[in-house]
Amino acid sequence: MTLEEKLGQLQQLDGTAEGEYRPEHVELARRGRLGSTLNVRGARRTTELQRVAVEESRLRIPLLFAFDVIHGYRTVFPVPLAEAASWDVRLVERNAAIAAAEAASAGVRWTFAPMVDIARDPRWGRIVEGSGEDPLLGAEMARARVRGFQGPDYGLPGKVVACAKHWVAYGAAEGGRDYNTTDVSERTLREIYFPPFKAAVDAGVGTFMSAFNDLNGLPTSANPHTLTDVLRQEWKFDGIVVSDYTSVQELVAHGLAADGREAAALALRAGVDMEMVSRLFNEHGPALVSQGRIPMAAIDEAVRRVLRIKFRLGLFDNPYASEAEENETLLRAEHLAAARQAAARSVVLLKNQAGVLPLSRSLKSIAVIGPLADDAQSLLGSWSGDGRKEEVVTLLAGLRARNIAGLRIHYAKGCEVDGESRAGFDEAVRAAKKASFVILAVGESAAMSGEAASRSSLDLPGRQLELVQAVHATGKPYAVVLMNGRPLSINWLATNAPAILETWFGGTQAGHAIADVLFGDVNPGGKLPVTFPRSVGQVPLYYNHKPTGRPPEAGNKYTSKYLDVPWTPLYPFGYGLSYTEFTLSNLRLSAARVPPGGQVTARVDVQNTGRLPGDEVVQLYIRRAAVSVTRPVKELRGFERITLQPGEMRTVEFALGPEQLGFYDHAMKFVVEPGVVDIMAGSSSETTLSTRLEIVPDNQ
Ligand code: BGC
């Protein structure tokens, strides 16, 4: 390969939002100056461009077509934060497998997912793309998605290579403002931000994306510590690192690189293999090599990594997609059924006063009110893949499609999500008055979360709360259906609304799924993957915080709290109700004492003590105190979602070994220190059961 051909393999360029390649791509592919594209999709278009690379270029190296297949390709699944709320790893793996099959049929063999950034700040709009605040839940979701996308081997038909992003700590953006600086201790990196990435590596993820943020003084796209020391040397990752969009170019704006040439040198030397969109590797590579600023061996290594992935994908043998297969694969009936099930299993029941839900099938009339009740675009969420809003079932459509005999449905939009006008209120109140039950769909539009969509308020935007209050004043019973991409400070609703369902953005089949839950065909069993604060001023507020020397105490001023808002969350991490009830009891250990290398089993009995079948997510937490460093007040160490019939009881087991009981000591060495471990179980992070384990030194 010539140096130009090598650098060509390191270049990824952007197609149009509609999925077309650009005229220039044809020329670059022919000359061997293009390794990969993003956004170009569809069997016809990818095959057209691929033919040029494979049949007309000197070395016949196939292109690798990448795309953000984050929560579905054409069949759109719930947003990742919603999927995390299902706490159902098998479901999440299956959804990723469906997304992979659809994407691969369209010629896309590389997805920029899973997004595994831990987010403790709901102002940051990209919280919607990840799995929330907890490293264990995040790691389990990361593993499930990598397995789903890649299968046992991403060279198999219908599989794509996954990309763990954004490496790393991107979610720690100061002030929750996207792309902002991060400053995170090595401990917090290793304990909070790294685990989902490590889980992705352990699951065999083929690629990583370096992020936009500055981390501790070195932007993550030029950070040798994270890109090389940790990723390559410690974790032995041998796949590709691609820059996030123009993050190589942005090294200049960060004030690190003097110019584009230096930006390319810094990124390449730190361990970025492929450059997305900006072209500095190609522009400056030859000069950098001839001046000895980049060794040819470094370029060769990056090229080797890119080619290795292309070989493993089988692109040299099967470079083309087939339109017939694409038509047969997209939106298959079982994909839609899976999307419906996923959306229903992602719903979190936040409140259900006096059992107003599920709705009775003998209702004569309902009013469906709110700006999100018939908003197809928002249901597609932040990364809609190739999803089409015409294919989305809105809540209104889902309710109508049930065709319940004798049920009249009155619809009124009421107001915009983020508008000032109350002009629609009268119509909404009239609709409510005509109905025996009201369903109010409020929240955020999809555009209010996701990339470059940070908010400084977590309140319901626009006039929506006033709309709810106007309906409330009619005295009609009602349920609030929330659609949103981040935790919201919904204090008034939490106090006053009879019922609240958190439905996030549920994807293509959301309307059917929410109707399934409202009418009780599906009993909600999701749990919050992130804390809901009472006020944005409490942020960051997360369950696994450190204790402080003066833990908050009512009536004692000089303790760690606020004057104007309680220190507690509105809804804690792991929280969610059901139409039935569960009782957890008898938390016990297989042994009361273990040596540091030992393992014990924690068991807890769970019984459905209500009258309907339902799902509970049993959660196990630990706390370590009086060890060589301070530890969080609680850390999730296991969870399982189970289904129980009324009266049924089951014992859930959790293994606790060195991985669960250890932590990083002062020297950042992972250790299992002797001492007492509090083991706690519950149906949220506000645990109800506890017991103790003692770790005893080997010689005792
Ligand atoms: C985002 C990435 C995404 C990339 C390509 C960037 O702006 O940060 O998450 O994969 O664009 O679309």
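Every number for a ligand or one of its atoms is a count from 1 in the order of the listing. Along the sequence shown, residues are numbered consecutively beginning with 1. Being a predicted model, the structure only gives us computed values, none of them experimental.
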Which pairs would a plain distance check flag for residues 258-265, meaning a side-chain donor or acceptor within less than 3.5 Å of a matching protein atom at least two apart in sequence or in another chain?
{"from": "Asp259", "atom 1": "OD1", "to": "Arg261", "atom 2": "N", "distance (Å)": "3.3"}
{"from": "Asp259", "atom 1": "OD1", "to": "Glu262", "atom 2": "N", "distance (Å)": "2.9"}
{"from": "Glu262", "atom 1": "OE1", "to": "Ala258", "atom 2": "N", "distance (Å)": "2.8"}

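- The ring-ring contact (aromatic ring centres under 6.0 Å, His included) contacts involving residues 116-137 comprise Trp124-Tyr170, where partners must be two or more places apart or lie in separate chains.
- The aromatic rings of Trp235 and Phe194 sit perpendicular to each other, their planes meeting at more than 60°, with 30° as the lower class boundary.
- Although no hydrogens or angles enter the test, the distance criterion places no donor-acceptor pair under 3.5 Å between the side chain of Arg147 and the main chain of Ala96.
- Near ligand 1, Leu38, Asp68, Phe112, Arg126, Lys165, His166, Met209, Phe212, Asp244, Tyr245, Met276, Trp383, Glu451 each place a heavy atom less than 4.0 angstrom from the ligand.
- Asp178 contributes a side-chain N or O that, together with a main-chain N or O of Ala452, makes up a donor-acceptor pair within less than 3.5 Å.
- Residues meeting the ring pair (Phe, Tyr, Trp, His ring centres under 6.0 Å) test with Phe316, sequence neighbours left out: Phe311.
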